[in-house]
Amino acid sequence: MYERGENVSLVNTLVKIGTERLGVSTSEVDDLKLHLENNVGAKDVMKEIQTGRRRYQIQGVPFFVIGAVDGETSLGQPYGFSGAQDSSTFVDIFEELAGNLA
């Protein structure tokens, strides 16, 4: 992956990751390549990006949205924050959200 020097913007790299790490079967490789080469799903991705910008004011990456859910029900307002974070930030948020589940 990227941290290992692999260019994740290349179709062949994504297919390799899919087959080696994500369980994509060899019978699915041709469909995956077609999907990636033809930008299938690009409209859905752009829609999700626009939703994130509107709902959470996302302007860059990384951006994290963390919330508590019980089944399909959201428990309170999710946290949204941008940029690299110390692990203690996540621990604090997880502990607070866990308290909402009790």
Side-chain angles (χ1 to χ4, degrees):
M1 298 218 285
Y2 182 79
E3 67 269 10
R4 295 181 183 169
E6 296 181 59
N7 186 343
V8 294
S9 67
L10 300 175
V11 169
N12 286 337
T13 300
L14 293 173
V15 170
K16 178 182 170 188
I17 291 167
T19 55
E20 291 178 1
R21 301 186 187 146
L22 301 175
V24 173
S25 69
T26 54
S27 64
E28 298 171 305
V29 167
D30 288 338
D31 287 339
L32 177 58
K33 281 185 181 179
L34 281 173
H35 184 88
L36 294 169
E37 291 169 344
N38 294 302
N39 290 321
V40 175
K43 287 182 182 179
D44 292 332
V45 170
M46 291 307 297
K47 183 179 173 184
E48 289 292 321
I49 290 170
Q50 294 303 321
T51 299
R53 287 181 177 159
R54 245 186 349 269
R55 186 177 293 165
Y56 302 108
Q57 291 77 50
I58 297 173
Q59 296 181 13
V61 293
F63 192 92
F64 304 93
V65 177
I66 302 173
V69 294
D70 184 10
E72 296 292 320
T73 305
S74 179
L75 302 175
Q77 189 71 16
Y79 290 87
F81 51 94
S82 183
Q85 301 290 324
D86 187 76
S87 59
S88 65
T89 301
F90 291 95
V91 170
D92 292 344
I93 290 171
F94 293 148
E95 287 175 348
E96 185 171 330
L97 291 172
N100 291 344
L101 296 172

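These figures come from a predicted structure and were not determined experimentally.
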Going by heavy atoms in the side chains, are [X] and [Y] under 4.5 Å from each other?
| X | Y | result |
| --- | --- | --- |
| Asp30 | Leu34 | no |
| Leu22 | Ile17 | yes |
| Glu95 | Val91 | yes |

**OP:** Please confirm whether the backbone N or O of Ser88 pairs with a side-chain atom of Asp86, one donor and one acceptor, at under 3.5 Å?
**Re:** yes
Could you give the distance from [atom1] ([X]) to [atom2] ([Y]), rounded to the nearest 0.5 Å?
| X | Y | atom1 | atom2 | value |
| --- | --- | --- | --- | --- |
| Tyr79 | Asp92 | OH | CG | 9.5 Å |
| Asp31 | His35 | CG | NE2 | 10.0 Å |
| Leu14 | Lys33 | CG | NZ | 11.5 Å |
| Lys16 | Asn12 | NZ | CG | 10.0 Å |
| Gln50 | Ile58 | CD | CD1 | 10.5 Å |

**OP:** Give the minimum heavy-atom separation between Phe63 and Ser82, together with the two atoms involved.
**Re:** CD1-CB, 3.6 Å
Original post:
So, for Pro62 and Ala84, which heavy atoms are closest and what is the spacing to 0.1 Å?
Top reply: CG-N, 4.1 Å
Original post:
Do the side chains of Val8 and Ile49 join up, straight or via other hydrophobic residues, at under 4.5 Å, putting them in one cluster?
Top reply: no
Original post:
Quick one: do Leu36 and Leu10 end up in the same hydrophobic cluster if we chain Ile, Leu, Val, Met, Phe, Trp and Tyr together by side-chain heavy atoms under 4.5 Å apart?
Top reply: no
**OP:** Mind running side-chain contact (heavy atoms from CB on, under 4.5 Å) on Arg55 and Val65 for me, showing each step along the way?
**Re:** CA-CA 11 Å; Arg55 186 177 293 165; Val65 177; over 6 Å; no
Subject >> Results of side-chain hydrogen bond (donor to acceptor under 3.5 Å, both in side chains) for Ser9 - residues two or more places apart only >> reply: Asn7
Subject >> Parallel, tilted or perpendicular, as decided by the 30° and 60° cut-offs, for the rings of Phe90 and Phe64 >> reply: perpendicular
